[in-house]
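Worksheet: one structure, shown below.
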2 protein chains.
Amino acid sequence: MSENTNQEPVKMPGKYELIADLAKFFPVENASTVVGPGDDATVTDSDGNQTVTSSKVFIENVHFDLTYFPLRHLGYKLATVAFADVLAMNATPSQLLVNIAVSDRFDLRMVNEILSGVGACCETVHADLAGLDLTTSPRELVVSITAIGECAPAQLCTRKGASENELICVSGDFAAAYTGLLLLEREKKVFEKNPGAQPDFTGKDYLLRRQLKPEPRIDIIEKLRQEEILPTAMANVSEGLATAVMQICKASQKGCVLFEEKLPMTELTFVTLKDLDIVHTVAALNGGDDYELMFTIKQSDFEKIKKVDNVSIIGYIKEESAGYHLITGDNVQVPLQAQGFQHS
Amino acid sequence: MSENTNQEPVKMPGKYELIADLAKFFPVENASTVVGPGDDATVTDSDGNQTVTSSKVFIENVHFDLTYFPLRHLGYKLATVAFADVLAMNATPSQLLVNIAVSDRFDLRMVNEILSGVGACCETVHADLAGLDLTTSPRELVVSITAIGECAPAQLCTRKGASENELICVSGDFAAAYTGLLLLEREKKVFEKNPGAQPDFTGKDYLLRRQLKPEPRIDIIEKLRQEEILPTAMANVSEGLATAVMQICKASQKGCVLFEEKLPMTELTFVTLKDLDIVHTVAALNGGDDYELMFTIKQSDFEKIKKVDNVSIIGYIKEESAGYHLITGDNVQVPLQAQGFQHS
């Protein structure tokens, strides 16, 4: 989950370089470790069967705000976020482990609400809630989730593997969750000044749903398999399109170009962002909280991908020295910027 | 980790019954889920190979106190705690995933210290640090750890499987970590009143080490294999002997009797507890933070277990209706009490 739900969001510039630097001190030594730190999830091998594991920790007032998060939706969303990393390896979710740490503000009914949301998301992806622990927290609600999935080695997709001239595809549409967050934050401020005020979200259901209850894109994984498309690289889009494309490019040692006009966005998102005076392309590139899939495919898969609904081709892979660029609607080439990466 | 490091510890009476009640709402459905919620760790199967996964979340001022925890020791301890659950399934640790959430009190050097401790513990058990993420926390340091291990199905030990008349064994000695904690808390209070005071821990090194840097008992797992002893049931002793024995008995639908005089304790622990005016048996049964192994073996393994150093036989399994009892040094039978279980 991107760290943007706090009133004063704590950004971590250079976070990915930092993690890569730290990971260097811990070389992977066991033959069973197929993918270590630095991808969407860890991959372990046991006699040719691969297990994909992603572990996340979510803290109140950093990763979510209980002022507007129904607890059941929160549970559903946190499970979606963890499964998104497993799906982004092209694995099939199988189990989920959850630890909930609550302060004395919480009672059993509230814990139950969170768990019922977690369980509903497990049902969506046909995974078992296979681990559960409760503990105490001094203040903030803390939830840690470990999602597990299975993958045949030949099906595994890491961020590494994109080649020059391959097509960059994404599922779904972008900036809706971010726009939903902006509306929720706006109404929260209105409510804080005037506790009698009723929030006005008329016609904005889609934006709120995308923020409060995003869906795990197991449908896309299944459709790609049906069409026999094996992506060459894949990443979970959790912090905006720019971060995801740079994760794929850096891991694959490639460059890229994206086309502004190809970035998928609903009319509702576009209009609402305009009302909020926010540049819609910036929101699509850096908004976050989408949990869609970004993947690269061979040009020869072009006819096949057209049969998969809810997938857009937004650009293509270039040689590493070309860097990362966006071609704007005015046909101007601008460098991509991504939160979480240090720009030198 | 037991929740006893806070000045006003937050107890969770009936925690295990509560977790069992909640888990009932989420029936295990996938064939690959071998062991779901309610044991030391989750077990998943992939074509006959079993993967053991344990996920824990640790929060400052609930699970640890940075006043006296060197960050490197903290990292080592948290990894030990997570691996202890994997070892208690009789599995071999293979990977560890860590998420660290820090507030702005923390700098990179401090994150590095924690990680170096985590990495040192990984080396002890020959596991890879295979997942790493950093995020922000509003106040308390939060660390979530997922430990992964491998196990041949025939070697797997759950808490379920103990039979009548089998011997109850434990590794190591007890109450040392708890006594170390009491000393650290006492000196903390002295220091708070008089910041010039120097802590006096002369001769107490062992107690402090057991609290601040407990070791994962992979040596015991290896020795049991060498001697070809396959425990019938096993549990991680994290919250005292009483909780562990009741976990095994409840899962196995059995009763038990423990002998007070057989509970292993060092002379140093015994004497220090006496100075602190604490009943040593209560500390051994409920102290917590030991991360030793409790397991049951067939009587026919009695000669073999004598060859394994650092293991004590402390009692035996009875029929379920016998309940859970301790035979005191005066030969009086008293009911066992365990933190975390609701006594009706």
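What you see is a predicted model, and the numbers here were worked out from it, not measured in a lab.
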For this session: Would you mind reporting whether E29(A) and H126(B) have side-chain heavy atoms less than 4.5 Å apart?
Result: no
For this session: Pick whichever of V143(B), V43(B), V98(B), T44(B) has the most heavy-atom pairs under 4.5 Å with chain A.
Result: T44(B)
Exercise. In terms of heavy-atom proximity below 4.5 Å to chain A, should D45(B) be classed as side chain, backbone, both, or neither?
Worked result: backbone
Exercise. Per the side chain to side chain donor-acceptor pair (under 3.5 Å) rule, which among T33(B), T51(B), N30(B) passes with Q95(A)?
Worked result: T33(B)
Problem set entry | Residue part contacting chain A, namely of E150(B), when any heavy atom lies under 4.5 Å | side chain
Exercise. What part of L18(A) is in contact with chain B, defined as an atom under 4.5 angstrom from a non-hydrogen atom: side chain, backbone, both or neither?
Worked result: side chain
Problem set entry | Any L115(A) side-chain heavy atom under 4.5 Å of F26(B) side chain | yes
Exercise. Based on non-hydrogen pairs under 4.5 Å, which of S46(B), A127(B), S116(B), G119(B) is most in contact with chain A?
Worked result: S46(B)
Exercise. Are any non-hydrogen side-chain atoms of D133(B) and K15(A) less than 4.5 angstrom apart?
Worked result: yes
For this session: Pick one of side chain, backbone, both or neither for I145(B), based on which atoms fall under 4.5 Å of a heavy atom in chain A.
Result: neither
For this session: Evaluate the side-chain proximity of L97(A) to T146(B): yes if any heavy-atom separation is below 4.5 Å, no if none is.
Result: no
Problem set entry | Option that, when pairs with chain A are counted at under 4.5 Å, heavy atom only, ranks first among D47(B), L22(B), T53(B), N49(B) | N49(B)
Exercise. Is N99(B) reaching over with its side chain to a backbone N or O of S55(A), donor-acceptor style, under 3.5 angstrom?
Worked result: yes
